[in-house]
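Encoded as structure tokens, the structure appears first; notes follow it.
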Amino acid sequence: MTAAQDIGLADLATQPEVAEVIRTLARVARELSRRIARGALERHGATVGENSDGDSQKALDLIADRAVFAALQGAPVRWYASEERDEVVPLTPGAPLALAIDPLDGSSNIDVNMSIGTIFSILPAQDDPLASFLRPGREQLAAGYVIYGPQTALVLTLGRGTALWVLDPASGRFEPAGPLAIPQRSNEFAINVSNYRHWAPPVRAYIDDCLAGETGPRDKNFNMRWVASLVAETHRIITRGGIFLYPADARRGYDHGRLRHVYECAPIALLVEQAGGAATDGCDPILDLVPQALHERTPLVFGTPVKVHRVAAYHDLPHEEVAALFGQRGLFRQ
Ligand SMILES: O=P(O)(O)OC[C@H]1O[C@](O)(COP(=O)(O)O)[C@@H](O)[C@@H]1O
Ligand SMILES: [Mg+2]
Ligand SMILES: [Mg+2]
């Protein structure tokens, strides 16, 4: 299969420059998907360095970043911001777009053959490189992710709904697989419970009440999932509902959670909202927040709207109510 071969995505009705960038990213994703499938035959999971935030970089993190950067040469992208690069990097002078990317999300899953992904956000470029990215997520022209799982798929929003394209391994084309709408009811939550003791009281109270199931104020049982791959978690929640939380916690360096605003939280928030869901930092919509730094972290709560709004309501509860054992917490009894 050659890079020039048709990538599909034929019905991408949008500004031609945005469409060109998305097709370029899809072409890189097709190639990355092929390399990821080789798994242990290549040493993708080896730690090869550290990024500006002190996160370890795996070989595949850098392979993905370099592949995207190389493919964008000559594309209508003026500024390139990546999880794997300290600063914004100039690409095509005077071009109309800015691209922020998490080239490889969920890298702790590389070695264990679990789903990983690429997350991207396309914004209008401004003359100032940083100002192009430090703005409300509502100004994104497009956002998407590629999931490399049992199937490789592209989930994309251009601001009018969220849609799925699946990579057909036989033809190498991304074929349309329909619009996505988050189910409005679900009993699943996703959070890394090993951090329980570090959470603030409202988050503990919310999870306590889920864990209490039908013996607690929610009067029903819940199920839990944690893949440790934001893309995989998003794909599951967009497909069958539920809620994801990566809150701030008391560990050093986690006072704004773990996930990065510009190239993780903002694009996921746009995809989720456009699929009929909600995304907040626990209280306020992610898409209304303005990041102050390129690699800034933001607490992230997203999924089925009624659940996301319930988490915000726990943050508004009086302290005595939040601190009460679930058995005595009365406000949310149905
Ligand atoms: O290991 P933890 O603390 O549960 O964090 C898992 C989270 O970290 C991430 O892996 C961070 O993304 P990267 O792999 O791109 O650094 C998310 O995909 C995932 O939701
Ligand atoms: Mg990530
Ligand atoms: Mg990453």
Side-chain angles (χ1 to χ4, degrees), residues 25 28-29 32 36 44-69 80-86 99-112 114-121 143-149 155 189-199 203 207 224-238 242-269 271-272 279 281 286 291 294-303:
L25 294 173
V28 175
L32 282 176
I36 289 164
H44 289 146
T47 299
V48 292
E50 237 183 36
N51 66 17
S52 57
D53 267 355
D55 289 346
S56 72
Q57 288 174 312
K58 305 286 177 63
L60 195 57
D61 287 319
L62 297 185
I63 289 169
D65 173 67
R66 288 170 190 157
V68 174
F69 190 71
Y80 177 76
S82 164
E83 181 188 5
E84 307 308 335
R85 298 180 187 235
D86 295 355
L99 176 81
I101 194 158
D102 176 353
L104 205 286
D105 175 65
S107 24
S108 69
N109 286 306
I110 295 170
D111 276 339
V112 293
M114 302 265 288
S115 294
I116 50 182
T118 296
I119 309 171
F120 60 89
S121 162
Y145 64 77
V146 177
I147 182 166
Y148 312 102
V155 174
F189 66 91
I191 191 166
N192 185 338
V193 179
S194 68
N195 298 319
Y196 179 94
R197 70 188 185 283
H198 305 297
W199 297 336
V203 177
I207 298 300
M224 198 207 84
R225 290 285 183 273
W226 187 250
V227 187
S229 166
L230 176 61
V231 163
E233 236 89 58
T234 306
H235 204 66
R236 184 187 65 252
I237 289 172
I238 284 188
I243 186 169
F244 170 99
L245 305 95
Y246 209 120
D249 68 53
R251 288 174 295 163
R252 191 204 297 254
Y254 282 79
D255 42 349
H256 297 285
R258 175 184 170 100
L259 301 171
R260 276 55 60 102
H261 187 108
V262 170
Y263 42 81
E264 292 183 311
C265 302
I268 294 296
L271 288 160
V272 166
D281 64 353
I286 290 287
L294 187 60
H295 298 286
E296 182 172 297
R297 296 173 192 251
T298 310
L300 180 61
V301 176
F302 72 82

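Read the numbers this way: they start at 1 and go in the same order the structure lists the ligands and their atoms. Just so it is clear, the structure is predicted and the values come from calculations on it, not from any experiment.
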query = Where the side chain of D255 meets the backbone of A250, is there a donor-acceptor pair that is under 3.5 Å apart?
reply =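 No, because the side chain of D255 does not come within donor-acceptor range (under 3.5 Å) of the backbone of A250.
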Do [X] and [Y] have a side chain donor and acceptor closer than 3.5 Å?
X    : Y    : value
Y148 : D105 : no
S82  : D65  : yes
Q57  : E50  : no

query = If you draw the axis of the six-membered ring of Y246, does the NZ or CZ of R297 fall within 45° of it and under 6.0 Å from the ring centre?
reply =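 Output no; distance or angle outside limits.
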key: Non-hydrogen side-chain atoms of I119 and V231 separated by less than 4.5 Å   = yes
task = Can you list, by chain and residue number, the protein N, O or S atoms under 2.8 Å from the Mg ion (ligand 2)?
result =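 You should have found D102 OD2, D105 OD1, E264 OE2.
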inquiry  = Suppose we screen for side-chain hydrogen bond (donor to acceptor under 3.5 Å, both in side chains). Which residues come up paired with D249, at least two apart in sequence or across chains?
reply    = R251
query = Of all residues at least two apart in sequence or in a different chain, which pass the side-chain hydrogen bond (donor to acceptor under 3.5 Å, both in side chains) check with S121?
reply =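 Expected list: Q140.
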request  = Would you please write out the protein residues whose heavy atoms approach any atom of ligand 1 to under 4.0 angstrom, listed by chain and number?
outcome  =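 These residues qualify: E83, D102, L104, D105, G106, S107, N192, W226, A228, S229, L230, Y246, R258, L259, R260, E264.
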query = Stepwise, does the salt bridge (Lys or Arg N to Asp or Glu O under 4.0 Å) test hold for R225 with E233?
reply = CA-CA 8 Å; R225 290 285 183 273; E233 236 89 58; over 6 Å; no
